[in-house]
Amino acid sequence: MLSTLLSYLSWPFTTLFGANGLGLDNAIVWMITNHRWFFAIFFVMPLSLIMNTIMHIRALIAIYTGAIGPESLKDHEKRVATVQAAVRQWIDDGRQTKLCTARPGWLAMSLRTARYKKTMTGIPTHKLGNVIAIDEEKGTVFVEPNVTMGQITATIMPLGWTLPVLPELDDLTVGGLVCGVGIESSSHKHGLFQHGCKSFELVLATGEVVKCSETENVELFNAVPWSHGTLGFLVGAELSIVPAKKYIKLRYQPFTTQASGVDACLRAFQEDHDFVESLVYSKDSMVLMTGDLTDEYESSKANRIGLWYKPWFYTHVRTYLEKNREGVEYIPLRDYYHRHTRSLFWEVSDIITFGNQFWFRFLCGWMMPPNHQILKRTQTEELRKLYEDHHVVQDMLVPASKFSECLDVQHREFGVYPLWVCPMRIFPEDSGLIHPTKSGEEMFVDVGIYGNPANPNFTPGTHLRNVEDYVRSVEGFQMLYADMLQSREEFETMFDHTQYRRMRKQLGCEGVFPDVYDKTCKAARW
């Protein structure tokens, strides 16, 4: 659908400026590179609005026409059969290359394109984007891998349900969150997105469909998360759903020293809040937020932060720091889930520098955010190089006991602010690529680093490597959607490959799917 929309809406540009038009290709490249805000406002944002509208209409139609049920399961089986047929055709053709999905690399949430796709056989999985079944008695929803978080909330929240861990951005897909990683401010209680999954359905290297869960094919079930599609093609996932409430009671606590902020965060990580996160605005200033689900609210403290004209959330949070006062607000649940979506945390401010001004929010805020995938698809070489050399997008997961130390390392090596801080639990029973520390520490902290480094001497090859070395030294983990510069030996020190290798051998993945390192290292992304 996205490719079709892009071709239709880009027709005026290609007609006027393309090779068969006025021959102004260089002018377009210059405009996109140097005045990206113009392109984002007048092209990307309208297209994003169309896509989001279609998504919500599809969700409503599915709910109110009974499209989610026995018939949708039959349709799902037909779509899976298409994937199986493509794999078997590849086998019949002599298995001449390795396999990956045919989904274009620019559709992934990574800032980089997937260069490995150019040398592999793409298996079509693009039609696997539907919610298949909702079992309210069992407390589960069965979905296909291309279903997005926006699609899920639009489907199950009107029915009074939500996910235990519902990652922030609308465009994140179930497949990416299962085979990669997903985290949210409820992860200190419920763990990562993978911990809310009941079962997976995969097409293997033989074309066979297999199901795995906590009781069936257990080793495969534990090995799928973080494997990035290197064990098989995910074609279905059964997710836990939990009762939703109408509001979040959110408490804001500002701190003006790192020590006091870190101490408060560590206490909050262990308390019985439904949601915990922090935004760090400088080396010595942060705001801790703790939230609890509720159906009751005080009207004088209600704040519908999802309204189009409202300030971007991170700037709203900063007002508590500027006034140095605590506060409490009641926020509608869906608004809270997607609180960072309109501004893509704070990344949109690099593209539309005036985007948070009231006049722009009031006139154009209803089209926000610009779709990340379209922005990536329309990047020029100059922009890619600029992002590579002068921009950091990383999530470093470190034991909570190393939180303060990690902030110091980030400040020294990158100096990026704001930072997103989200606690997460890794459980003792985890037996895949990640585990608690050797000493048994289960609580980790995700330090999300998104922005332009203030370090005047920043070079990715040096400073990112320094941070990777630090994370590995404290038994932490690096999210693999971002640039990863580690050697294979360093990577296998960070991630436990014991079970992963066993499953690769058992399922006959060698020569069929790339190894997870070969698929996620920077060399494969460019």
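What you see is a predicted model; the values in this text were computed from it and never measured. One is the number of the first residue; the rest follow in order along the sequence.
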Trp366 and Leu49, any side-chain heavy atoms less than 4.5 Å apart: yes
Pair Phe477 and Phe495, ring centroids less than 6.0 Å apart: yes
Parallel, tilted or perpendicular: ring planes of Trp346 versus Tyr314, cut at 30 and 60 degrees: perpendicular
Sidechain-backbone polar pair: Asp395 side chain, Met479 backbone, donor-acceptor under 3.5 Å: no
Pairwise side-chain contact, Thr155 with Ile134, heavy-atom cut-off 4.5 Å (strictly under): yes
Gap between atom CD of Glu277 and atom CH2 of Trp420 - 0.5 Å precision: 6.5 Å
Any donor-acceptor N/O pair, Gln84 side chain to Val203 backbone, under 3.5 Å: no
Check: Ile248 and Leu333 side chains under 4.5 Å, non-hydrogen atoms: yes
Test side chain to side chain contact (heavy atoms under 4.5 Å, CB included) applied to Cys406 and Val421, Leu397, Val447, the passing residue: Val447
Chi angles and distances behind the side-chain contact (heavy atoms from CB on, under 4.5 Å) call for Leu507, Phe513: CA-CA 11 Å; Leu507 298 174; Phe513 300 108; over 6 Å; no
Student check: side-chain heavy atoms of Val398 and Phe403 closer than 4.5 Å: no
Sole residue of Glu144, Gln151, His76 in side-chain hydrogen bond (donor to acceptor under 3.5 Å, both in side chains) with Asn130: Glu144
Ser186 side chain vs Pro164 backbone, donor-acceptor pair below 3.5 Å: yes
Pair Arg425-His188, side-chain contact (heavy atoms from CB on, under 4.5 Å): steps then yes or no: CA-CA 5 Å; Arg425 190 175 296 279; His188 66 295; 5.7 Å; no
Ring centre gap for Tyr517 and His497 strictly below 6.0 Å: no
Backbone N/O of His340 and side chain of Glu168: donor-acceptor pair under 3.5 Å: yes
Candidate pair Ser431 and Gln499, rule side-chain contact (heavy atoms from CB on, under 4.5 Å), full reasoning: CA-CA 7 Å; Ser431 57; Gln499 187 181 70; 3.4 Å; yes
Tyr500 (side chain) donor-acceptor with Val516 (main chain) under 3.5 angstrom: yes
salt_bridge(Arg95, Glu510) N-O dist < 4.0 Å: no
Reported CG-to-CE distance for the pair Leu433 and Met494, which is rounded to 0.5 angstrom: 12.0 Å
Non-hydrogen atoms of Met503 and Ala223 that approach each other most closely: CG-CB, 3.9 Å
Any side-chain heavy-atom pair of Glu77 and Val209 under 4.5 Å: no
Over all atoms of both residues, closest heavy-atom pair of Ile132 and Ser72: O-OG, 2.6 Å
Interatomic spacing from CH2 in Trp161 to CG in Leu239 - rounded to 0.5 Å: 13.5 Å
Phe275-Tyr336 aromatic ring centre distance below 6.0 Å: yes
Chi angles and distances behind the salt bridge (Lys or Arg N to Asp or Glu O under 4.0 Å) call for Arg465, Glu468: CA-CA 5 Å; Arg465 287 283 287 144; Glu468 288 178 336; 3.7 Å; yes
Closest contact, heavy atoms only, Val393 versus Ala482: O-CB, 3.0 Å
Phe345 and Tyr450 aromatic ring geometry - parallel, tilted or perpendicular at 30°/60° bounds: tilted
NZ (Lys198) with more than 12 external heavy atoms under 6.0 Å: no
Glu216 (side chain) donor-acceptor with Ser213 (main chain) under 3.5 angstrom: no
Point-to-point distance, once rounded to the nearest 0.5 Å, from SG of Cys521 to NZ of Lys519: 12.5 Å
Residue pair Gln478 / Gln486: nearest heavy atoms and the distance that separates them: OE1-NE2, 3.2 Å
Close side-chain approach of Cys509 and Thr230, heavy atoms under 4.5 Å: no
Trace of the side-chain hydrogen bond (donor to acceptor under 3.5 Å, both in side chains) decision for Glu475 with Thr437: CA-CA 6 Å; Glu475 300 180 65; Thr437 65; 4.8 Å; no
Side-chain touch Phe200/Leu234, heavy atoms, less than 4.5 angstrom: yes
Nearest heavy-atom neighbours spanning Gly129 and Asn146: CA-CB, 3.8 Å
Thr121/Asp93 under side-chain contact (heavy atoms from CB on, under 4.5 Å): CA gap, chis, key distance, verdict: CA-CA 11 Å; Thr121 299; Asp93 290 343; over 6 Å; no
side-chain hydrogen bond (donor to acceptor under 3.5 Å, both in side chains) assessment of His391 paired with Glu347: CA-CA 10 Å; His391 198 79; Glu347 292 280 64; 2.8 Å; yes
Exam field: side chain Trp90 to backbone Ala205, donor-acceptor pair closer than 3.5 Å: no
Asp170 vs Thr341, side-chain hydrogen bond (donor to acceptor under 3.5 Å, both in side chains): CA-CA, chis, key distance, verdict: CA-CA 7 Å; Asp170 275 352; Thr341 295; 4.6 Å; no
Least distance between heavy atoms, Val210 atom then Asn217 atom: CG2-ND2, 3.3 Å
Side-chain heavy atoms of Glu201 within contact of Val80, under 4.5 Å: yes
Reference residue Asp515; test side chain to side chain contact (heavy atoms under 4.5 Å, CB included); the match among Arg488, Arg501, Lys98, His228: Arg488
Separation between CD1 of Ile434 and CG of Leu192, rounded to the nearest 0.5 Å: 5.0 Å
Whether Asn222 side chain and Glu219 backbone form a donor-acceptor pair below 3.5 Å: no
Distance (rounded to the nearest 0.5 Å) between Arg342 CZ and Met368 CE: 7.5 Å
